[in-house]
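All heavy atoms count here, side chains included; hydrogens, waters and symmetry mates do not.
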Amino acid sequence: MTEGQAMATAIAITSNLPNWALIDEISIPLLETGVGTLPVLQAALPTILSISQDEEKLNDRYWKVLRIAQLQIEHLLRSQQELLKHMEKLESENEAKVLKKKNMISEESKTSGGSIENSEKFKCADCGKVFLNDTFLTSHFERRHPKSVQHSVSE
């Protein structure tokens with residue numbers, strides 16, 4: 001379903017709320033077995049949210065509406081749990097990358113004879129930006145000051 005179709009469906013749904021025909025079509029046993037769960041629950045959500053306790057038609061469908069609401073909440077909780085696990089995994093990967101980077105900087109400072117402040121620096125003559133090695137300076141110069149590179153080549 002495209003975004004436009006989803007928006008059209010949402011507008012159509014909200015104009016006829018609550019949609020008792022939709023509630024009547026939903027099969028609780030099929031939902032409980034997982035058949036078509038997400039699309040059905042998403043379609044039913046606006047109807048469930050729009051039902052008030054004063055609805056006359058609610059009395060006959062009370063237990064069905066309650067069960068649909070429970071299934072929607074269960075789905076949301078499962079989705080939240082999956083997202084939290086994914087976030088934890090990404091955070092752990094990020095921490096590992098940061099640690100690896102710190103270790104690389106630490107190793108580089110040991111091999112260069114001390115801290116980065118004591119190591120040789122390469123300064124851009126055009127803008128004054130400082131680089132740790134000449135490769136970075138050359139790359140910067142070619143990207144940021146291409147006219148200067150062309151001018152010096154032509155001379």
Hey, could you give me the CG/CD1 distance between Leu71 and Ile26, rounded to the nearest 0.5 Å?
-> 9.5 Å
Where is the tightest heavy-atom contact between Ile51 and Thr47, given as atom of each residue plus distance?
-> CG1-O, 3.1 Å
Check: Asp134 main-chain N/O paired with Thr138 side-chain donor or acceptor under 3.5 Å = yes
Heavy atoms of Trp20 and Val65 approach each other most closely as CZ3-CG2, 4.2 Å
Give the ring-plane orientation class for His145 versus His140, where under 30° counts as parallel, over 60° as perpendicular and anything between as tilted.
-> perpendicular
Side-chain donor/acceptor of Thr37 to backbone N/O of Gly34, under 3.5 Å = yes
Pair Glu55 + Arg61, salt bridge at N-O below 4.0 Å = no
Should Arg67 and Glu74 count as an ion pair when the cut-off is N to O under 4.0 Å?
-> yes
Report whether Phe122 and Phe136 are members of the same hydrophobic cluster (ILVMFWY, side-chain heavy atoms less than 4.5 Å apart, transitive linking).
-> yes
Just do the side chain to side chain contact (heavy atoms under 4.5 Å, CB included) check on Asn94 and Glu91 with the steps written out, would you?
-> CA-CA 5 Å; Asn94 189 38; Glu91 286 173 353; 5.6 Å; no
Using a cut-off of 6.0 Å, state whether more than 12 heavy atoms not belonging to Gln81 lie near its atom CD.
-> no
Working to the nearest 0.5 Å, report the span between CZ of Phe141 and SG of Cys127.
-> 8.5 Å
Given side chain to side chain contact (heavy atoms under 4.5 Å, CB included), test Asn133 with Leu137 step by step and report yes or no.
-> CA-CA 7 Å; Asn133 64 43; Leu137 174 61; over 6 Å; no
Could you state the interatomic distance from CG (Asn59) to NZ (Lys57), rounded to the nearest 0.5 Å?
-> 12.5 Å
Distance-only, no hydrogens or angles: does the Lys64 side chain make a donor-acceptor pair with backbone N or O of Asp24 under 3.5 Å?
-> yes
Ser79 vs His75 side-chain heavy atoms within contact, under 4.5 Å = yes
For the atom pair CD (Gln72) and CG (Leu31), what is the distance rounded to the nearest 0.5 Å?
-> 9.0 Å
Are Ile48 and Leu41 connected in a single hydrophobic cluster, I mean Ile/Leu/Val/Met/Phe/Trp/Tyr linked by side-chain heavy atoms less than 4.5 Å apart?
-> yes
Starting at CD of Gln53, measure out to OH of Tyr62 and round the result to the nearest 0.5 Å.
-> 10.0 Å
Supply the atom-to-atom distance Ile68 CD1 to Ile28 CD1, rounded to the nearest 0.5 angstrom.
-> 4.5 Å
